[in-house]
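Below is one structure, written out as structure tokens; the observations come after it.
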Amino acid sequence: MTTDAPDRSTPPDALPVARVRSRRRWTVYLVWLVPLVAAVVAGYLVYSWLHEYGPTITIMFGDATGLKPGQSELRYRGVAVGEVSAVGLTRDLAHVEVSVRVRRDVAGIAREGSVFWIVRPEVGLETVRGLATVITGPYIEVFPGSGQPKTNFVGVESASPALGLRGLHVIVSTSQLSSIRPRAAVYYRGIQVGMVSGTTLSRDSMSAHVHLLIEPRYTRLVRLGSQFWGASGVDVTLSLFKGLEINVDSLRSLVAGGIAFATPNAEGLPAKDGTVFLLNDKPQKEWLAWAPKISLPAGE
Amino acid sequence: MSAVACETCGLVQRLPALAPGVTAECARCGARLTRGHQGSLARTAAFSVAALMFYLPANLYPILRLEWYGTHSENTAWDGAIALFRQGQPVIGVIVFLASIAVPFLKLLALFSLVATVGFRSAAWRRQRAWMFRALELIGPWAMLDVFVMSVLVALVKLGELATVVPGRGLFSFTAVAVLTIMASASFDSRLIWEGDAA
């Protein structure tokens with residue numbers, strides 16, 4: 001503390017003199033390292049804030065129940081790759097426009113052909129899926145396409161079960177679709193070798209088309225001469241000598257329906273993608289006896 | 001040559017004029033009397049600039065992340081103040097805004113103006129600047145409010161999978177702003193305001 005003004009200008013000589021310690025000149029500037037380090041750290045923080053999220057994409061949905069800005073995630077294979085930033089209606093009020101900020105390092109998932117759908121809890125006869133979303137709320141799942149990057153998408157109601165899976169796509173045609181639904185199994189000798197990826201009406205509306213996806217490992221089993229039949233339900237036969245005969249394929253196919261096929265001993269050419277087969281109501285005895293020797297690729 | 005009293009042992013002693021980079025120590029107990037004009041000003045300025053650097057990320061990043069039933073919600077200080085205000089807690093909202101955003105900003109403003117006026121050896125508004133410095137010391141702890149609240153929250157809300165509060169990425173910057181402004185105001189030698197005052 002300074003004393004009163006008259007003393008300060010001429011302090012009494014009796015007072016001791018403070019020791020003076022001179023430091024090296026450069027140590028005075030050492031303190032400027034603090035803002036320098038701060039600038040680097042803060043600059044990095046701001047930079048990573050600016051670069052955390054890449055492009056904002058918009059996806060149109062029919063219904064966005066449960067999607068919350070800043071909370072709902074965009075996921076790919078279960079990994080969060082973005083965040084819903086805004087949910088609003090389109091100008092004509094016919095659709096919901098969901099804005100999603102995609103993380104910069106995975107911005108490549110938003111491109112021509114990418115498929116977006118909202119995952120909600122789904123309880124069906126055959127499966128229960130998306131149960132976690134009962135608690136967490138729905139999220140948007142994406143399956144990336146392979147075209148040019150783009151920012152405006154139209155979301156789908158639900159993803160085709162075959163999305164992202166490789167294999168042989170064949171079609172079986174029937175006049176009347178029974179209990180076969182997407183995700184129903186395709187059996188060969190009772191082993192599941194594929195699944196129903198979708199059901200559509202044929203272009204001329206003369207028949208119903210069931211789209212099958214055969215797993216890559218089993219594609220050799222499907223030949224041009226293969227016969228398909230519905231493995232759904234119960235087969236009840238009342239005969240004079242055998243009495244009542246009830247034939248249930250499997251509990252799962254009983255509930256959800258399924259398709260089985262057999263390939264003749266004279267196998268014929270392998271089926272190509274998009275080959276159309278006829279769906280029979282029930283197998284003929286001789287089909288069940290067919291046992292062609294077809295070697296499968298090694299591995300699971 | 002002027003006379004000072006040691007803040008530690010009270011000995012009144014003569015203080016020679018100090019060259020830049022030179023500090024004075026008490027003749028009796030050895031405590032530091034002053035860093036001199038340049039030293040004190042440089043430290044205050046350096047810490048203030050460093051605090052300013054962190055001010056932006058402190059307000060950009062969320063300071064709190066609440067994970068609840070698998071969903072999460074991240075809030076910046078600004079979000080928190082707005083949310084409190086809207087949810088019928090205007091008083092608390094204003095306090096949060098003041099403590100988190102306004103006070104650090106005002107502190108920085110005060111520090112920079114003090115450094116600038118002393119640097120230019122301005123003789124104007126000396127009493128007001130001294131008052132400003134006292135106010136700066138007074139409101140200093142309030143800037144740490146968020147850090148205190150967060151440390152309490154993080155410790156309290158640990159409900160395992162159900163709900164957890166995690167410090168947000170902004171908390172580091174927030175603490176840095178608070179600590180650096182406190183260091184800046186602590187290194188400011190208020191006697192510098194009166195330097196060269198004849199009265």
Side-chain angles (χ1 to χ4, degrees), chain A residues 1-50 52 66 68-73 80 83-84 131-139, chain B residues 1-7 11-16 18-28 30 32-35 38-39 42-43 45-58 60-61 69-75 79 169-170 172-173 176 180 183 187 191 194 197-199:
Chain A
M1 300 288 156
T2 50
T3 52
D4 286 341
D7 288 330
R8 199 172 48 178
S9 47
T10 50
D13 288 341
L15 287 180
V17 181
R19 271 201 302 269
V20 168
R21 169 162 297 201
S22 67
R23 294 183 295 170
R24 290 175 206 270
R25 277 197 78 94
W26 59 267
T27 57
V28 183
Y29 303 105
L30 218 58
V31 74
W32 287 101
L33 278 180
V34 177
L36 203 69
V37 171
V40 172
V41 175
Y44 169 76
L45 285 173
V46 173
Y47 175 86
S48 60
W49 184 80
L50 288 175
E52 184 179 11
K68 287 190 194 115
Q71 221 176 69
S72 304
E73 289 172 339
E83 195 181 79
V84 172
L131 260 198
T133 57
V134 172
I135 290 167
T136 62
Y139 59 88
Chain B
M1 214 42 119
S2 61
V4 293
C6 173
E7 286 180 16
L11 180 73
V12 177
Q13 52 205 298
R14 283 185 293 162
L15 186 67
L18 294 175
V22 166
T23 56
E25 285 174 0
C26 175
R28 183 162 67 181
R32 181 155 56 228
L33 290 174
T34 171
R35 292 177 189 277
Q38 293 295 331
R43 286 173 69 88
F47 288 135
S48 304
V49 169
L52 182 70
M53 302 278 181
F54 280 112
Y55 187 75
L56 189 63
L60 279 182
Y61 278 109
Y69 270 124
T71 63
H72 66 270
S73 137
E74 288 188 312
N75 291 99
D79 292 337
R169 284 166 296 176
F172 169 76
S173 309
L180 285 168
M183 286 172 78
S187 10
R191 282 172 294 194
W194 304 98
D197 183 26

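Letters go in sequence order (proteins before strands), and every chain restarts at 1. Only a predicted model underlies this, so the values are computations on that prediction, with no experimental measurement involved.
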message = For F172(B) versus F54(B), what's the shortest heavy-atom pair and its separation?
response = CE2-CE2, 3.8 Å

task = Determine, step by step, whether R191(B) and V4(B) satisfy the side-chain contact (heavy atoms from CB on, under 4.5 Å) criterion, reporting the C-alpha distance in whole Å, the side-chain angles of both residues, the deciding distance to 0.1 Å, and the verdict.
result = CA-CA 11 Å; R191(B) 282 172 294 194; V4(B) 293; 4.1 Å; yes

request  = Look at G43(A), S72(A), A39(A) and state which one has the largest set of heavy-atom pairs under 4.5 Å with chain B.
outcome  = A39(A)

key: Which of A58(B), A24(B), P57(B) touches chain A most, by non-hydrogen pairs under 4.5 Å   = P57(B)

ask   = So what's closer than 4.5 Å to chain A heavy atoms on L11(B): side chain, backbone, both or neither?
value = side chain

Residues in side-chain contact (heavy atoms from CB on, under 4.5 Å) contact with A46(B), at least two apart in sequence or another chain = V31(A), W32(A), P35(A)

key: Gap separating the CG atom of L60(B) from the CG atom of L50(A), nearest 0.5 angstrom   = 7.5 Å

request  = Give, as side chain, backbone, both or neither, the part of Y55(B) having an atom under 4.5 angstrom from any heavy atom of chain A.
outcome  = neither

ask   = C6(B) versus Q13(B): any side-chain heavy-atom pair under 4.5 Å?
value = yes

ask   = What residue, out of A176(B), A51(B), A45(B), S173(B), has the most heavy-atom pairs lying under 4.5 Å from chain A?
value = A45(B)

